[in-house]
A.B. asks: 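Structure provided below as structure tokens; questions to follow.
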Amino acid sequence: MPATYEPIATYTVSGSPVASYTFSSIPQTYTDLILYSSVQGQANGCAPTLVLNNVTSGTLYSVTILYTDGLTTWSGARGTNLNNFDIGTTSGLPYANTNQYAPVIAHFMDYTNTSINKTIFYSYYNATGGYVGGADISHAAGLFRSTSAITSITVSVNNGKTIPVGCTYTLYGIKAA
Amino acid sequence: MAISRFSNSSVANGFPKYQRFWDQSSVEIITSYESIATATVTSGGAAYVEFTSIPSTYTHLQIRGIAQISRATYGIGDGYLRFNGDSGANYSWHNVRSVGSGAAQANPTPSDSQMSISDGMFGTTTGGSFGVIVIDILDYKNTSKHKVVRTLTGTDFNGTIAGYGGFVGLNSGSWRNTGAITDIRIIGSHSGFTQHTKFALYGIKGA
């Protein structure tokens, strides 16, 4: 019997920055997935993005975001008809200090259910050192308008940037009774 | 031939801290994060789901789920908690939420007969989406504390319906009762939960 909460795979960027990384052939034996990440940005700012099942066309993604950049009060934003999950708002991920990373967490509930479109919960938390000196906290509900089971997750960053060396991503599976 | 191994401390404490069964092929490991029960709404829908007789062997509880409300006109639905059958005005709750544009909203309610866990953050049949939710209940069996709850929840349906788009928010709630939680009822608004709504209860053990 598998453990209730167990790691599936871990990826750490090494050698040189990468454009993206894909967790592929995700086991279909869990109820939920959680992706825990420690991610850094690059100069002039960027935010984390996700793609599911290698789908990057058809504008099947949308998001509703709650965010603050640490300089202003909490605000709302919405993105519709997107080709990925992009929850970047203003200051994005940290980059002013090479030792500064931000937690990025994504929950994929009932990811194998083929009767429903997929809704995820996606957040990142930057304490300091983002674009224009800000530091985003961004929480989002995201919709992937596909009833397909999630079999792959691709991580990347926006704004034409790459994922720096040292960034780490770990995918966990949670099995309900 | 199956082989079982029990540690001395686990036997003395009455439950296995570590068990290994060897039937020549499989291994069972007991962990700190365990699944207790799952409630899935079937085709007839349900006004609520309920976890009863919750074991007192954990330190914290977590509920993870997806939820859709049967509701006309709007794409957003609500959800509530009650503990141990208490429907008195013993709950407080507040949230900060995004309605997809403009300033975030806050909704404080100091006294209520149930605890809001989704103030427009569940999906509905009109919007066609499900909301996602993670509920953390810390120290659920501590008889010296009022019980507090943290909830992350949200829904999206690619735009707006009747002037409202998806909501996403952070919620906090309090049940002003020091009793150990043995029963959790999750209630859907309007015409209740639809098929495929699912809530899974997990227990988290301390050291």
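Please read these numbers as outputs of a predicted model, since none were measured by experiment. Below, chains carry the letters A, B, ... as their sequence lines are ordered, and counting in each starts from 1.
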A.B. asks: Just by distance, do the side chain of B:S98 and the backbone of A:I65 share a donor-acceptor pair under 3.5 Å?
C.D. replies: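 At least one qualifying donor-acceptor pair exists.
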
A.B. asks: With a 4.5 Å cut-off on heavy-atom pairs, point out which of A:K118, A:H107, A:M109 contacts chain B the most.
C.D. replies: A:M109

A.B. asks: Find the distance between CG (B:D156) and OG1 (A:T64) and round it off to the nearest 0.5 Å.
C.D. replies: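 Answer rounded to 0.5 Å: 3.5 Å.
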
A.B. asks: With respect to chain A, which residue among B:S129, B:G165, B:G131 yields the maximal number of heavy-atom pairs within a distance under 4.5 Å?
C.D. replies: B:G165

A.B. asks: So what's closer than 4.5 Å to chain B heavy atoms on A:T73: side chain, backbone, both or neither?
C.D. replies: neither

A.B. asks: If you round to the nearest 0.5 Å, how far is CZ of B:F167 from CZ of A:R78?
C.D. replies: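 Between A:R78 CZ and B:F167 CZ, I get 8.0 Å after rounding to 0.5 Å.
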
A.B. asks: How far apart are the closest heavy atoms of A:N113 and B:H196, and which atoms are they?
C.D. replies: ND2-ND1, 4.1 Å

A.B. asks: Step by step, work out the side-chain contact (heavy atoms from CB on, under 4.5 Å) result for B:R97 and A:L66.
C.D. replies: CA-CA 7 Å; B:R97 68 180 186 181; A:L66 172 67; 5.8 Å; no

A.B. asks: Report yes or no: does B:T38 contribute a side-chain atom to a donor-acceptor pair with the main-chain N or O of A:A177 at less than 3.5 Å?
C.D. replies: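 Yes, the answer is positive, given that a donor and an acceptor are paired below the 3.5 Å cut-off.
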
A.B. asks: Between the main-chain N or O of B:F130 and the side-chain N or O of A:T119, is there a donor-acceptor pair closer than 3.5 Å?
C.D. replies: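 Yes, because the side chain of A:T119 sits within donor-acceptor range (under 3.5 Å) of the backbone of B:F130.
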
A.B. asks: Out of A:A140, A:G76, A:S115, A:A77, return the one with the most heavy atom pairs under 4.5 angstrom to chain B.
C.D. replies: A:G76

A.B. asks: Who among A:N117, A:L82, A:T59, A:V63 has the most heavy-atom pairs with chain B under 4.5 Å?
C.D. replies: A:V63

A.B. asks: side-chain contact (heavy atoms from CB on, under 4.5 Å) for A:I116 and B:I66? Distances and angles first, verdict last.
C.D. replies: CA-CA 10 Å; A:I116 62 173; B:I66 60 169; 3.3 Å; yes

A.B. asks: Above 12 or not: heavy atoms from other molecules or residues under 6.0 Å from OH of B:Y33?
C.D. replies: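 More than 12 within 6.0 Å, yes.
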
A.B. asks: Answer with side chain, backbone, both or neither: which region of B:Y202 has an atom nearer than 4.5 Å to a non-hydrogen atom of chain A?
C.D. replies: side chain

A.B. asks: If you count every heavy atom of other residues, nucleotides or ligands that lies below 6.0 Å from A:Y21 atom OH, does the total exceed 12?
C.D. replies: yes

A.B. asks: Where the side chain of B:N158 meets the backbone of A:N81, is there a donor-acceptor pair that is under 3.5 Å apart?
C.D. replies: yes

A.B. asks: Just give me the residue among B:A103, B:A200, B:G102 that pairs up with chain A most often, heavy atom to heavy atom, under 4.5 Å.
C.D. replies: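 Looking at each of B:A103, B:A200, B:G102 in turn, B:G102 comes out on top.
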
A.B. asks: Using the rule side chain to side chain contact (heavy atoms under 4.5 Å, CB included), only one of A:I34, A:T31, A:D110 pairs with B:R64; which is it?
C.D. replies: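 The option that passes is A:I34.
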
A.B. asks: Which answer fits A:L60, side chain, backbone, both or neither, if we ask what part of it has an atom under 4.5 Å from a heavy atom of chain B?
C.D. replies: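 Neither; nothing under 4.5 Å.
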
A.B. asks: Given that the side chain runs from C-beta out, which part of B:T153 has a heavy atom under 4.5 Å from chain A: side chain, backbone, both or neither?
C.D. replies: backbone

A.B. asks: Can you spot which of B:I133, B:T155, B:V134, B:V168 makes a side chain to side chain contact (heavy atoms under 4.5 Å, CB included) with A:F121?
C.D. replies: B:V168

A.B. asks: By a 4.5 Å heavy-atom criterion (distance strictly below it), what part of B:L152 contacts chain A: side chain, backbone, both, or neither?
C.D. replies: both

